[in-house]
Amino acid sequence: MRILLVEDERKMARAIRRGLEQEGYAVDACADGQEALVRGTENDYDAMVLDVMLPGRDGFSVCRELRDRGRWTPILMLTARDAVEDRIRGLDAGADDYLVKPFAFGELLARVRSMVRRGKPERPTSLTVDGVVLDPAAHTVRCGETLIDLTPKEFALLEFLMRHPREVLSRPRILEHVWDINYDGFSNVVDVYVGYLRRKLGREVVETIRGAGYRVAG
């Protein structure tokens with residue numbers, strides 16, 4: 001397994017690298033965000049350990065840019081900042097896990113093993129279907145260059161559909177995931193909200209599959 005370690009604090013970087021190598025990992029290391037972006041783009045790493053506070057560009061920026069470039073290497077972010085807002089920002093940028101300094105090396109190792117086991121499935125920070133771009137973290141929807149104003153329930157319905165592109169979703173399944181178990185499975189609320197989405201996004205975005213449900217093309 002090959003890991004990219006991005007840490008500008010030399011003592012910390014040496015300790016982490018030595019520990020990972022003793023566990024049998026091949027480790028490449030660098031100390032600034034721009035080099036991390038280049039290496040992460042050009043090389044197929046099994047995991048990345050990425051510090052937040054870096055010269056050049058910070059870890060948040062590196063992580064988001066790698067995801068935007070379609071690089072799905074699992075990323076564990078390291079930070080000395082324990083604010084909830086920072087952890088949220090890192091995860092929303094596309095990180096897979098977050099570890100606050102100081103930490104036990106055994107915990108870092110366990111988190112790396114967990115990420116490697118999960119592999120590198122695509123998990124973009126935004127969803128795109130037929131020119132519609134939905135950003136779950138920013139809670140925004142754009143159609144081309146136009147920002148579309150959706151209610152919370154319209155947003156939830158669109159997100160559920162876009163997370164299952166090309167898949168036909170039945171009304172009961174949509175009700176179960178977007179509304180709650182108290183809704184009547186024969187309710188027409190799904191049809192009503194699909195109508196709202198079509199009026200705001202265009203009829204072609206959500207397709208009706210007669211007798212089966214709805215889907216987006218993907």
Side-chain angles (χ1 to χ4, degrees), residues 1-128 133-140 159 162-164:
M1 293 293 176
R2 188 180 179 194
I3 293 177
L4 177 61
L5 170 63
V6 189
E7 170 61 72
D8 66 323
E9 186 181 336
R10 292 185 179 181
K11 185 177 180 181
M12 174 74 73
R14 284 197 301 268
I16 295 175
R17 181 171 191 166
R18 183 170 58 250
L20 289 171
E21 288 177 340
Q22 287 174 350
E23 292 294 323
Y25 293 100
V27 181
D28 293 343
C30 62
D32 72 82
Q34 188 58 42
E35 185 178 355
L37 182 59
V38 172
R39 291 197 184 196
T41 301
E42 294 181 350
N43 299 288
D44 187 24
Y45 290 102
D46 296 289
M48 182 184 300
V49 178
L50 175 65
D51 190 33
V52 169
M53 301 300 293
L54 295 168
R57 59 192 304 167
D58 65 25
F60 299 130
S61 172
V62 172
C63 183
R64 183 172 289 278
E65 182 65 24
L66 286 172
R67 298 308 188 227
D68 287 344
R69 294 183 182 186
R71 305 301 291 177
W72 307 113
T73 298
I75 295 176
L76 171 63
M77 300 197 80
L78 305 179
T79 181
R81 302 187 297 191
D82 193 23
V84 172
E85 293 79 7
D86 288 329
R87 296 200 296 272
I88 292 172
R89 185 180 174 191
L91 295 170
D92 281 343
D96 297 84
D97 206 348
Y98 207 97
L99 191 57
V100 178
K101 301 175 183 178
F103 51 81
F105 179 74
E107 182 178 2
L108 180 144
L109 195 59
R111 290 176 183 270
V112 169
R113 286 196 301 264
S114 177
M115 291 195 310
V116 170
R117 282 197 302 269
R118 294 196 294 268
K120 295 185 281 188
E122 292 190 15
R123 48 201 184 283
T125 55
S126 61
L127 307 172
T128 303
V133 180
L134 183 147
D135 186 330
H139 213 269
T140 58
E159 180 178 2
M162 291 178 69
R163 287 192 182 279
H164 300 82

- From Asp51 CG over to Leu99 CG, what is the distance, rounded to the nearest 0.5 angstrom? 11.0 Å

- Calculate, to the nearest 0.5 Å, the distance between atoms SG and CG belonging to Cys63 and Leu37 respectively. 11.0 Å

- Under the side chain to side chain donor-acceptor pair (under 3.5 Å) test, which residues partner Arg69, sequence neighbours left out? Thr41, Glu65

- Task: Before giving the answer on side-chain contact (heavy atoms from CB on, under 4.5 Å), spell out for Met48 and Leu66 the whole-Å C-alpha distance, their side-chain angles and the decisive distance to 0.1 Å.
- Result: CA-CA 11 Å; Met48 182 184 300; Leu66 286 172; 3.6 Å; yes

- Check: Val6 and Leu54 side chains under 4.5 Å, non-hydrogen atoms: yes

- Message: Using modelled atom types and a 3.5 Å cut-off, is there a donor and acceptor pairing between side-chain atoms of Thr73 and backbone atoms of Tyr45?
- Response: yes

- From Met53 CE over to Asp58 CG, what is the distance, rounded to the nearest 0.5 angstrom? 7.0 Å

- Task: Measure the spacing between CG of Leu4 and CG of Asp44 and express it to the nearest 0.5 Å.
- Result: 12.0 Å

- Message: Arg113: which residues meet the salt bridge (Lys or Arg N to Asp or Glu O under 4.0 Å) condition with it, sequence neighbours left out?
- Response: none

- salt bridge (Lys or Arg N to Asp or Glu O under 4.0 Å) partners for Arg64, two or more places apart: none

- Heavy atoms, side chains only, cut-off 4.5 Å: are Val133 and Thr128 in contact? yes

- Residues in salt bridge (Lys or Arg N to Asp or Glu O under 4.0 Å) with Arg2, at least two apart? Asp28

- Message: Suppose we screen for side chain to side chain contact (heavy atoms under 4.5 Å, CB included). Which residues come up paired with Glu35, at least two apart in sequence or across chains?
- Response: Cys30, Asp32, Arg39

- Message: Restricting to non-hydrogen atoms, name the atom on Met115 and the atom on Ala47 that form the minimum distance, rounded to 0.1 Å.
- Response: CE-CB, 4.2 Å

- Message: Going by side chain to side chain contact (heavy atoms under 4.5 Å, CB included), name the residues that satisfy it together with His139, two or more places apart in sequence or in a different chain.
- Response: Phe155

- Message: According to side chain to side chain donor-acceptor pair (under 3.5 Å), who are the partners of Glu85, at least two apart in sequence or on a separate chain?
- Response: none

- Looking only at non-hydrogen atoms, find the nearest pair between Tyr98 and Gly90 and report the distance. CE1-CA, 4.1 Å

All N/O donor-acceptor pairs, side-chain side in residues 20-27, below 3.5 Å, sequence neighbours left out:
residue, atom, partner, partner atom, Å
Glu21, OE2, Arg17, NE, 3.1

- Message: side-chain contact (heavy atoms from CB on, under 4.5 Å) for Ile16 and Phe103? Distances and angles first, verdict last.
- Response: CA-CA 11 Å; Ile16 295 175; Phe103 51 81; 4.0 Å; yes

- Among Asp92, Asp135, Asp96, whose salt bridge (charged side-chain N to carboxylate O under 4.0 Å, His left out) with Arg67 holds? Asp96

- Query: Partners of Asp86 by salt bridge (Lys or Arg N to Asp or Glu O under 4.0 Å), sequence neighbours excluded?
  - Reply: Arg81

- Query: Which atoms form the tightest heavy-atom contact between Ser126 and Pro136, and what is the distance?
  - Reply: CA-CD, 4.2 Å

- Message: I'd like to know whether Ile75 forms a side-chain contact (heavy atoms from CB on, under 4.5 Å) with Val62, so could you lay out the CA-CA distance, the side-chain angles of the two residues, the decisive distance to 0.1 Å, and finally the verdict.
- Response: CA-CA 10 Å; Ile75 295 176; Val62 172; over 6 Å; no

- Item | Within residues 5-16 or reaching into it, pairs that qualify as salt bridge (charged side-chain N to carboxylate O under 4.0 Å, His left out) - sequence neighbours excluded | Glu7-Lys101

- Contacts of type side chain to side chain donor-acceptor pair (under 3.5 Å), residue Arg111, not counting sequence neighbours: Asp97, Glu107

- For Arg71, the side chain to side chain donor-acceptor pair (under 3.5 Å) test, sequence neighbours excluded, returns none

